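For ligands, and for the atoms within them, numbers begin at 1 and follow the listed sequence. From a predicted model like this one, the values you see are computed outputs, not experimental measurements. Residue numbers count from 1 along this sequence.
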Amino acid sequence: MSGTPFYVTTPIYYVNDEPHLGHAYTTVLADVLARYARLWGRETFFLTGTDEHGWKVERAAQSHGVSPQEQADTMVVRFQESWERLRIAPDDFIRTTEPRHRRVVQAVLQQLWEQDDIYQDDYTGWYCVPDERFWTEKDLVDGNCPDCGRPVEQLAERNYFFRMGRHQEWLIQTIQDNPNFIRPESRRNEVLGFLQQPLGDLCISRPVSRLNWGIPLPFDGEFVTYVWFDALLNYVTAPGYLQDDERFARLWPQALHLIGKDILITHCVYWPTMLHAAGLPLPRQIFAHGWWIVEEQKMSKSLGNVVKPLALAERVGVDAFRYFLLRDMTLGRDASFSEASLLQRYQADLANNLGNLHYRITNMTGRYCAGRVPAPGEPTPLETSLQARSEALIPSLREQVERLALNQGLAEVVELAAEVNRYLEQSAPWTLAKAGEAGRVATILYTAAEALRICALLLWPVMPERMATLWQQLGWQATERPGEGLRWGALQPGAAVSRGEPLFPRLEPAGEAA
Ligand code: ME8
């Protein structure tokens with residue numbers, strides 16, 4: 001058991017609209033990583049939540065004719081219910097409107113103000129309303145927001161600024177000295193490229209006359225805090241900053257921030273400089289994944305090509321949907337979503353491979369071994385090699401997960417299941433049973449079941465419900481620490497094997513269950 005805790009975060013999502021496939025992806029990824037860490041016996045803290053202040057939320061509230069708080073209260077439930085239905089189980093769910101968070105934001109602002117890391121100035125800039133970000137003239141692309149391409153508005157006002165620019169050299173050095181701080185490499189290079197230009201100071205306030213919905217600056221009630229300055233601090237509020245020093249010191253430096261590449265600069269430039277100014281350590285790693293693309297475009301609320309995750313999960317089952325998300329997105333790259341690719345993945349990996357293997361083993365054990373796990377006899381080279389492959393997969397999968405190469409790791413597990421299917425074809429226990437070779441049949445079925453049980457444990461963080469059913473039907477009961485079962489030979493001869501329904505029923509092309 002490793003002594004280092006595992007702390008993983010997702011972005012906190014805006015409550016202007018319902019969750020979509022992109023939000024579900026990051027949150028499933030965090031949930032799966034947390035479940036793997038628990039499987040390996042690590043203390044784990046998985047944080048997600050909602051970003052409830054700012055213009056986006058205020059405007060959504062106006063359009064619905066409700067107060068911003070009501071908007072947030074309604075929408076937060078949509079996120080929480082969706083996560084529950086997708087079997088996402090965070091240890092904490094933070095809302096930026098909570099008093100615990102407001103206290104931290106105001107304390108940090110006060111500290112930076114007293115340290116002269118914040119000053120007041122007049123400001124004229126170009127403001128992107130949907131992104132809530134100011135840009136300078138030279139940032140604009142064809143006169144539009146460089147981030148989302150939408151038109152910007154010129155605004156002039158008195159505001160407060162965080163002296164971000166003074167941390168530029170330190171930040172470049174830090175990123176260069178810590179190759180794993182920003183991953184993948186392409187994103188790290190992007191941030192270093194961004195930092196080649198002079199880093200300006202950051203406007204961190206909005207006058208109440210323009211925006212009311214935010215945390216008031218502790219030193220000037222005429223202003224509320226810029227939503228990003230507020231939101232990023234959620235990552236230190238939840239593990240106990242200024243509330244539980246011991247817990248905070250243990251968890252915070254281990255933080256792994258999972259984000260989409262759309263919020264790279266806020267996380268890799270604003271956030272580290274804020275922490276540095278406040279005298280706090282940096283998170284362990286910021287990992288920016290790619291986008292889910294739908295019909296050649298980034299899926300987003302504002303583009304209107306949103307895929308609703310729950311409808312899809314109903315189609316193939318929650319576990320299969322989780323599996324698809326992780327199997328089909330390659331480390332840091334964009335992935336193209338289509339219902340056809342979801343169904344194809346389901347059919348190939350789950351119905352025809354894993355599900356079929358489970359069905360064959362439980363059926364043959366019922367038929368040839370009186371529904372009990374058989375006692376294996378002397379292994380032939382076939383069994384020895386399958387055992388060696390299964391045992392090698394355990395550390396190999398862990399390594400892939402720790403590198404966040406989940407799609408590769410999952411591919412290896414499913415490849416082992418395919419190998420077991422081939423082993424059954426090759427050794428044909430049905431023919432041996434007819435020939436009265438009960439000893440060989442027992443060895444083959446035990447070996448196949450044990451390899452499949454290891455596959456199921458290794459896939460359990462991804463498909464918690466289906467995999468637990470699978471190993472129970474194979475005759476294995478997990479203890480309080482299922483990770484203890486990650487070894488060859490944990491399946492006990494004599495245990496009852498049940499012949500259940502297919503775990504992943506085959507789907508007809510039209511989508512009807514076969
Ligand atoms: O940016 N593909 O919230 P948000 C993959 N509140 N992931 C996607 C995606 C897509 N097409 N679309 C969205 C915010 N995401 C801020 C964050 S954190 C301190 C504040 C995911 O509701 C991805 O994780 O716009 C992205 O970074 C996040 O949703 C943005 O969610």
Side-chain angles (χ1 to χ4, degrees), residues 8-31 33 47-58 60 71-72 75-76 78-79 82-83 88 93-97 101 104-105 128 130-133 147-148 187 213-215 225-238 255-272 274-275 283 286-309 324-326 328-338 404:
V8 63
T9 69
T10 72
I12 49 172
Y13 306 112
Y14 288 125
V15 284
N16 58 337
D17 209 340
E18 307 186 8
H20 62 58
L21 179 75
H23 305 121
Y25 172 68
T26 318
T27 321
V28 165
L29 176 62
D31 181 69
L33 294 176
L47 173 70
T48 188
T50 41
D51 192 353
E52 305 194 348
H53 293 125
W55 265 26
K56 276 191 182 173
V57 176
E58 189 173 70
Q71 166 75 21
M75 212 43 83
V76 72
R78 305 296 272 272
F79 278 88
S82 299
W83 298 164
I88 293 166
F93 187 104
I94 190 164
R95 302 181 57 182
T96 50
T97 48
H101 180 64
V104 167
V105 172
C128 172
D131 281 357
E132 305 209 25
R133 281 174 68 176
D147 204 36
C148 68
R187 300 289 159 230
W213 183 233
I215 298 178
T225 314
Y226 169 45
V227 68
W228 270 103
F229 195 94
D230 158 356
L232 287 161
L233 284 163
N234 92 87
Y235 300 134
V236 295
T237 301
L256 163 64
H257 294 321
L258 301 177
I259 59 168
K261 63 181 184 180
D262 49 336
I263 52 179
L264 187 70
I265 297 303
T266 48
H267 279 77
C268 299
V269 177
Y270 297 7
W271 183 221
M274 284 166 65
L275 288 163
I286 301 167
F287 182 90
H289 62 68
W291 283 339
W292 281 97
I293 308 280
V294 179
E295 288 150 10
E296 313 282 305
Q297 274 189 311
K298 184 206 169 197
M299 189 191 50
S300 79
K301 291 180 245 197
S302 32
L303 292 173
N305 60 345
V306 160
V307 176
K308 299 269 168 70
F324 166 77
L325 288 183
L326 298 182
D328 275 47
M329 169 87 75
T330 305
L331 189 78
R333 299 235 294 269
D334 290 346
S336 175
F337 176 83
S338 72
L404 303 185

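Ligand 1 has an N or O atom lying under 3.5 Å from an N or O atom of D51, backbone or side chain. The N/O atoms of Y25, backbone and side chain alike, include none that comes under 3.5 Å of an N/O atom in ligand 1. Between M329 and ligand 1, not a single N/O pair is under 3.5 Å apart. The shortest N or O to N or O distance between T26 and ligand 1 is below 3.5 Å. Residue contacts with ligand 1: H267 is placed with no nitrogen or oxygen under 3.5 Å of a nitrogen or oxygen of the ligand (distance criterion only).
Those atoms of ligand 1 that come under 4.0 Å of a heavy atom in W291, given as number and element, are 2 (N), 5 (C). Atoms of ligand 1 lying under 4.0 Å from any heavy atom of A231, numbered from 1 in the order shown and given with element: 19 (C). Proximity to H289 (heavy-atom distance under 4.0 Å) selects the following atoms of ligand 1: 5 (C), 7 (N), 24 (O). Close contacts between ligand 1 and I263 involve ligand atoms 1 (O), 27 (O) [criterion: under 4.0 Å to a heavy atom]. Less than 4.0 angstrom separates some heavy atom of H23 from each of these atoms of ligand 1: 4 (P), 22 (O), 29 (O), 31 (O).
What you find for H267 and I263 is that their closest heavy atoms are ND1-O, 3.0 Å. Closest non-hydrogen pair, V15 versus V76, comes out as CG1-N, 4.2 Å. In terms of heavy-atom proximity, Y13 sits nearest to T48 at CE1-OG1, 3.9 Å. Across every non-hydrogen atom of T237 and H101, the tightest pair is OG1-ND1, 2.9 Å. When all heavy atoms are compared, the tightest approach of A231 to D51 is CB-OD2, 3.4 Å. Across every non-hydrogen atom of D17 and F79, the tightest pair is O-CE1, 3.4 Å.
Note on ligand 1: G290 sits in its first shell, one or more heavy atoms being nearer than 4.0 Å. Note on ligand 1: H20 sits in its first shell, one or more heavy atoms being nearer than 4.0 Å.
Between V307, I12, T10, it is I12 that holds the heavy atom closest to atom 17 (C) of ligand 1. The residue among W228, W271, W292 with a heavy atom at the shortest distance from atom 5 (C) of ligand 1 is W292.
Distance alone, capped at 3.5 Å, is enough to place a donor-acceptor pair between the T225 side chain and the I215 backbone. Within the 3.5 Å criterion, the main-chain N or O of E52 finds a donor-acceptor partner in the side chain of W213.
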- [ ] Would you check, one step at a time, whether the test side chain to side chain contact (heavy atoms under 4.5 Å, CB included) holds for W271 with I265?
- [x] CA-CA 9 Å; W271 183 221; I265 297 303; over 6 Å; no
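Here D262 has side-chain heavy atoms under 4.0 Å from ligand 1, and that is the only part of it that gets that close. In K261, neither the side chain nor the backbone holds a heavy atom less than 4.0 Å from any atom of ligand 1.
In this structure R78 satisfies the salt bridge (charged side-chain N to carboxylate O under 4.0 Å, His left out) test together with E18, sequence neighbours excluded.
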